[in-house]
2 protein chains.
Amino acid sequence: MDKPAPAKRTRIQREKRELIREAALEVFSQHGFRGSTIDQIAEAAGMSKPNLLYYFKNKEEIFATLIRRLLETWLAPLKEMDEAGDPRTEIRSYIRRKIEMARDYPRESRLFANEILQGAPRILPMLEGELKALVDEKATVIAHWMHAGKLKKADPYHFIFAIWATTQHYADFDVQVRAVLGPVRGGEGRFEDAARFLEGLFLE
Amino acid sequence: MDKPAPAKRTRIQREKRELIREAALEVFSQHGFRGSTIDQIAEAAGMSKPNLLYYFKNKEEIFATLIRRLLETWLAPLKEMDEAGDPRTEIRSYIRRKIEMARDYPRESRLFANEILQGAPRILPMLEGELKALVDEKATVIAHWMHAGKLKKADPYHFIFAIWATTQHYADFDVQVRAVLGPVRGGEGRFEDAARFLEGLFLE
DNA sequence: TTAACGTTTGTCCAAACGGTCAAAATTTGC
DNA sequence: GCAAATTTTGACCGTTTGGACAAACGTTAA
């Protein structure tokens, strides 16, 4: 009789919850939190609203689990940046991974952008905690690389911001990018073009 | 007895409409279109909902006038880029202007970002028309500068995208930037730091 | 077979929302 | 000073929305 509150989930619960998350990602990333309705998500997941609410307590909770998972995905590429590796190779790989994410997971990128735009009401603590700590660490690494003459000297924090901004731009502002590039240059190749351009920009 | 449909507006109408636009910018830029209510805007403007609706037919129309004005502001800095000027000076000025806009008009930037994120439902034609035309023109100018050896060679379209992305990042992702930089480096000086970094990035 | 448990649905509700309207209050032009 | 025009307000309406609930349906394992 209990709602699925504890972690002991049945097979159906695991499947349906995943189905709902997928549908919610689709809807939330297109319309934002307040712009999305439970009905829309339920329909996208192929079930009725009360049925959906059997699996998630409320709209907020669906969004919360989505954001929680998103942050993992989001921090992963930066975490992989290895102090022991070759600086230029590491930066190049990081840019590549970020551009691939913009291409393959644009919905996640937009969801994240949406949340930050609204002032990050639900993830501010994580930005000030986990994210800041990670960036502090990697900024130090980058600073060392620059000091050793392996990279052009610059502010490592703004260097990271610039990589974030430029790569995510191709997911978040995709409509604008395609509108400006037109049907020819705005085709599938645009991500490869972008990657090449960004490598040149950030690595001389 | 007529609603303010024609252009002949009274003093009060001009003042109140401006007041509403200001309030609407505040609210829309924080919550997006669907996340904002007429009541919120009315309260921010210090008037009742029916009173607000005396000046604007509906929510959509408030948003429309805001977006229309926004696009002017938005294209202005790029328009000012002068083929006859010194390339490096022109680019530097453009970056400066964009960073100043991120600092002084973050609400406009967020409103714009919000609209694009949702797929630009209301301004797609303008992106494909006016904006594309302007970028095409300026990309040609930049390409000439690069060809003449005045700037490092790169794809001029992605060059422009990168300037947009990095500068607007400081308005749209301000919360994140401040969270990561912390209270010390995240103070007022962050825009100046950003400007210096970006000049270095884009001009060698 | 059947009892217990898990899942799904139809119905319903209260609050929030966009927007209308007529009447009251105020301002303006003569 | 007054009539006409403009501005403001309170009350109201239909719709959408998030969410509750009990009843019905399905599954599983003793």
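Not measured: the values here are computed from a predicted model. First the proteins, then the strands, lettered A, B, ... as listed; each starts at 1. No hydrogens, no waters, no symmetry mates; every other heavy atom, side chains included, goes into these values.
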Does Ser48(B) place a side-chain N or O at less than 4.0 Å from the phosphate oxygens OP1/OP2 of dT9(D)? yes

If we ignore angles and hydrogens, is there a donor and acceptor under 3.5 Å between the side chains of Tyr157(A) and Asp136(A)? yes

Between CG of Leu19(A) and C1' of dT7(C) the distance, given in whole Å, is 14 Å

Quick check with a 6.0 Å cut-off and a 45 degree axis cone: is Arg17(A) positioned over the face of Phe56(A)'s six-membered ring? yes

Rounded to whole Å, the CG-P distance (Asp39(A) to dT9(C)) equals 13 Å

Nearest to the side chain of Tyr54(A) - dA20(D), dT17(D), dG6(C)? dG6(C)

Any donor-acceptor N/O pair, Arg190(A) side chain to Gly186(A) backbone, under 3.5 Å: yes

Ignoring hydrogens and angles, tell me if any N or O in the side chain of Lys138(B) forms a donor-acceptor pair with the backbone of Met81(B) under 3.5 Å. yes

From the list dG19(C), dA11(D), dG19(D), which nucleotide is the closest neighbour of the side chain of Asn58(A)? dG19(D)

To the nearest angstrom, the NZ-P distance between Lys16(B) and dT7(D) comes to 9 Å

Closest to the side chain of Tyr55(A), out of dG18(C), dG19(D), dT7(C), is dT7(C)

In terms of side-chain heavy atoms of Pro50(A), which of dC21(D), dT17(D), dT9(D) is nearest? dC21(D)

Length of the CZ-C1' vector between Arg34(A) and dC17(C), whole Å: 9 Å

For the side chain of Gln13(B), counting heavy atoms from C-beta on, which of dT9(C), dC17(C), dT7(D) is nearest? dT7(D)

Hey, is the side chain of Asn51(A) poking within less than 4.0 Å of OP1 or OP2 on dT9(C), counting only N and O atoms? yes

Could you state the atom-to-atom distance from CD1 of Ile41(A) to C1' of dT16(D) in whole Å? 15 Å

With a non-hydrogen cut-off below 4.0 angstrom, is Thr37(A) in contact with a base, only sugar-phosphate, or nothing? sugar-phosphate

To the nearest angstrom, the CE-C1' distance between Met47(B) and dT8(D) comes to 10 Å

Do Arg68(A) and Thr65(A) pass the side-chain contact (heavy atoms from CB on, under 4.5 Å) test, and can you show the C-alpha distance, the side-chain angles, and the key distance before you say yes or no? CA-CA 5 Å; Arg68(A) 219 177 301 135; Thr65(A) 74; 4.1 Å; yes

Whole-Å gap separating P (dC13(C)) and CD1 (Ile38(A)): 19 Å

Quick one: His31(B) NE2 to dC17(C) P, roughly how many Å, whole number? 11 Å

What I want to check is whether an N or O donor and acceptor connect the side chain of Lys49(A) with the base of dG18(D) at under 3.5 Å. yes

